[in-house]
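Structure, as structure tokens:
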Amino acid sequence: MATFPVVDLSLVNGEERAATLEKINDACENWGFFELVNHGMSTELLDTVEKMTKDHYKKTMEQRFKEMVAAKGLDDVQSEIHDLDWESTFFLRHLPSSNISEIPDLEEEYRKTMKEFAVELEKLAEKLLDLLCENLGLEKGYLKKVFYGSKGPNFGTKVSNYPPCPKPDLIKGLRAHSDAGGIILLFQDDKVSGLQLLKDGEWVDVPLMHQLTHILGDQIEVITNGKYKSVMHRVIAQSDGTRMSIASFYNPGNDSFISPAPAVLEKKTEDAPTYPKFVFDDYMKLYSGLKFQAKEPRFEAMKAKESTPVATA
């Protein structure tokens, strides 16, 4: 816990701003992950989101998950499973348009709370993007503008529960991957563990805190030309307890053009490679089939597309 980066966001408004920005910069360069405290979101809101999410799982999703496990015979697997995850999930879309009213089985109060939660998360994500801009020497608003495209960013929340698993050595809660998008704000259980990240070739447990975790996605790595890195992470299934995870993804719009920022490229050494440029939706099409593989081949594939001649009539 002592070495895992924890950022007190309230300190960016005072005398410790420079030191806090440096801490964020170091975490982005060396971890791709950091815990956020004093981020401006009330404990009451987080407590309510957690309680309602856990209640919703018990009322409407737990039995369905048990039925799926029985139907697939997952209680009795004898060898490692590589093609599914031990998780029960649903997805809320906030931007460019919301689908919260369309999700079945959500109680009205839960819908209202998740809308309020999304508004707060959106503000926090945009604040963090501007802090990254400041650290990178980019003009304020640069990342938000890149993410905007023609219709605004894609912003959504994956609500997950990881129930007790009878064979945690054979089934992952969520297989290892880096996230495709921009920045991710994660609100996770503070009682049941399981989240790990890859640091210097070793899997490290992410500490349990009743706070938010900030995760960098692949697009930030591309825009910073590798100065900041997205990070491989996974969820280890547990034999006891159900782990809650609410991951909110602030991503570029589908038609956003992603490329290394010119101001970052100006500072790169001659022998450093230049990351690819592409339309975000094209990257997502590639990612959908390669999510649980290393990110480098994805970047190489997008780079290869740049040099492929376009056929003309």
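Given the structure is predicted, the values throughout are model-derived calculations rather than measurements.
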* To do: Could you go through the salt bridge (Lys or Arg N to Asp or Glu O under 4.0 Å) check for K59 and D105 one step at a time?
  => CA-CA 9 Å; K59 284 180 190 171; D105 305 323; over 6 Å; no
- Query: When you look at V192 and T242, which way does the side-chain contact (heavy atoms from CB on, under 4.5 Å) test go after all the steps?
  - Reply: CA-CA 7 Å; V192 183; T242 296; 6.0 Å; no
- [ ] Test side-chain contact (heavy atoms from CB on, under 4.5 Å) on L74 and W86 and set out the steps.
- [x] CA-CA 9 Å; L74 296 177; W86 189 268; 3.9 Å; yes
K54 and E50: salt bridge (Lys or Arg N to Asp or Glu O under 4.0 Å), yes or no, with the steps?
CA-CA 6 Å; K54 290 181 173 180; E50 179 176 10; 2.8 Å; yes
When you look at D55 and K51, which way does the salt bridge (Lys or Arg N to Asp or Glu O under 4.0 Å) test go after all the steps?
CA-CA 6 Å; D55 288 349; K51 182 181 185 306; 2.8 Å; yes
**Request:** Output, in order, the C-alpha distance, side-chain angles, deciding distance and verdict of side-chain contact (heavy atoms from CB on, under 4.5 Å) for L185 and Y250.
**Result:** CA-CA 8 Å; L185 290 169; Y250 191 100; over 6 Å; no
Practice item. Please report the C-alpha distance between V37 and D8 in whole Å, then the side-chain angles of each, then the deciding distance to 0.1 Å, and finally whether the side-chain contact (heavy atoms from CB on, under 4.5 Å) criterion is met. Key: CA-CA 5 Å; V37 298; D8 182 341; 3.9 Å; yes
Go through it in stages, so that I can follow the logic: the residues are E108 and R111, the test is salt bridge (Lys or Arg N to Asp or Glu O under 4.0 Å), and I'd like the CA-CA distance, side-chain angles, deciding distance and then a yes or no. CA-CA 5 Å; E108 204 50 48; R111 288 184 212 274; 3.7 Å; yes
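Residues I103 and F91 approach most closely at CD1-O, 3.6 Å, considering heavy atoms. Taking each heavy atom of Q219 and A180 in turn, the nearest pair found is NE2-O, 2.7 Å. For the residue pair D218 and S178, the shortest heavy atom distance occurs at OD1-OG, 2.9 Å. Smallest separation of non-hydrogen atoms from G182 and N251: N-OD1, 3.0 Å. Nearest heavy-atom pair, N225 versus P273, reported as atom, atom and distance to 0.1 Å: ND2-O, 3.0 Å.
Note that OG of S259 and OH of Y275 are 14.0 Å apart. Values are rounded to the nearest 0.5 Å. Rounding to the nearest 0.5 Å gives a distance of 5.5 Å between NE2 of H214 and CG of L132. Interatomic distance, CG of L124 versus CG of L129, reported as 10.0 Å (0.5 Å rounding). Rounded to the nearest 0.5 Å, atoms CG (L216) and CD1 (I184) are 7.5 Å apart.
Under the 4.5 Å side-chain criterion, counting only non-hydrogen atoms from C-beta, V231 is not in contact with W31. For the pair L9 and L128, the minimum side-chain heavy-atom distance is below 4.5 Å. Under the 4.5 Å side-chain criterion, counting only non-hydrogen atoms from C-beta, K23 is not in contact with P5. Side-chain contact check for K115 versus K112: every heavy-atom pair is 4.5 Å or farther apart. Contact annotation: the side chain of E35 approaches that of V206 to within less than 4.5 Å [non-hydrogen atoms, C-beta and beyond]. F187 places a side-chain heavy atom less than 4.5 Å from the side chain of M244. The shortest distance between side-chain heavy atoms of I258 and M302 does not fall below 4.5 Å. Between T3 and V204 there is no side-chain heavy-atom pair separated by less than 4.5 Å.
Crowding of E67 atom CD: a count of heavy atoms from other residues, nucleotides or ligands under 6.0 Å exceeding 12. Surrounding CD of Q63 are more than 12 heavy atoms belonging to other residues, nucleotides or ligands, all under 6.0 Å away. The number of heavy-atom neighbours closer than 6.0 Å to NZ of K158, taken from other residues, nucleotides and ligands shown, is above 12.
Partners of K72 under the salt bridge (charged side-chain N to carboxylate O under 4.0 Å, His left out) rule, at least two apart in sequence or in another chain, do not exist in this structure. Shown here are the side-chain hydrogen bond (donor to acceptor under 3.5 Å, both in side chains) partners of D85, two or more places apart in sequence or in another chain: R175. With sequence neighbours left out, E80 forms a salt bridge (charged side-chain N to carboxylate O under 4.0 Å, His left out) with K172. Residues passing the salt bridge (charged side-chain N to carboxylate O under 4.0 Å, His left out) test with R17 are E134, sequence neighbours excluded. Every residue two or more places apart in sequence or in another chain was checked for a ring-ring contact (aromatic ring centres under 6.0 Å, His included) with Y228, and none qualifies. Not a single salt bridge (charged side-chain N to carboxylate O under 4.0 Å, His left out) links E16 to another residue, sequence neighbours left out.
Note on V264 and I223: same hydrophobic cluster, where clusters join Ile, Leu, Val, Met, Phe, Trp and Tyr whose side-chain heavy atoms are under 4.5 Å apart, directly or indirectly. A single hydrophobic cluster is seen to contain both I220 and M284, as judged by linkage of ILVMFWY side chains at heavy-atom distances under 4.5 Å, directly or through other members. The same ILVMFWY cluster, assembled from side-chain heavy atoms under 4.5 Å apart, contains both F65 and F90.
Between H177 and H233, the ring planes lie tilted relative to each other; the angle falls in the 30° to 60° range.
Under a 4.5 Å side-chain heavy-atom criterion applied to ILVMFWY residues, the cluster that includes W203 comprises L198, M232 as well.
For residues 93-112, every residue pair satisfying the ring-ring contact (aromatic ring centres under 6.0 Å, His included) rule, not counting sequence neighbours, is listed here: H56-Y110, H94-F155. Here ring-ring contact (aromatic ring centres under 6.0 Å, His included) pairs that include residues 114-137, with residues two or more places apart or in two chains, number zero.
The main-chain N or O of K277 is found under 3.5 Å from a side-chain atom of E306 such that the two form a donor-acceptor pair.
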Which donor-acceptor pairs under 3.5 Å do side chains of residues 288-296 form with protein atoms, sequence neighbours excluded?
residue: S288; atom: OG; partner: K285; partner atom: O; Å: 2.8
residue: K295; atom: NZ; partner: E221; partner atom: OE1; Å: 2.7
residue: K295; atom: NZ; partner: S230; partner atom: O; Å: 2.7
residue: K295; atom: NZ; partner: S230; partner atom: OG; Å: 3.2

Would you mind writing out the side-chain donor-acceptor pairs for residues 161-171 within the sub-3.5 Å range, not counting sequence neighbours?
residue: Y162; atom: OH; partner: E87; partner atom: OE1; Å: 2.9
residue: K167; atom: NZ; partner: V77; partner atom: O; Å: 2.7

Could you tabulate the donor-acceptor pairs under 3.5 Å formed by side-chain atoms of residues 137-152, not counting sequence neighbours?
residue: K144; atom: NZ; partner: E126; partner atom: OE1; Å: 3.3
residue: S150; atom: OG; partner: D255; partner atom: OD2; Å: 2.5

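Ion pair E300/K303 not flagged as a salt bridge, since none of the NZ, NE, NH1 or NH2 atoms sits closer than 4.0 Å to an Asp/Glu carboxylate oxygen.
Partner of T113 under the side chain to side chain contact (heavy atoms under 4.5 Å, CB included) criterion, out of V49, L106, T53: V49 alone.
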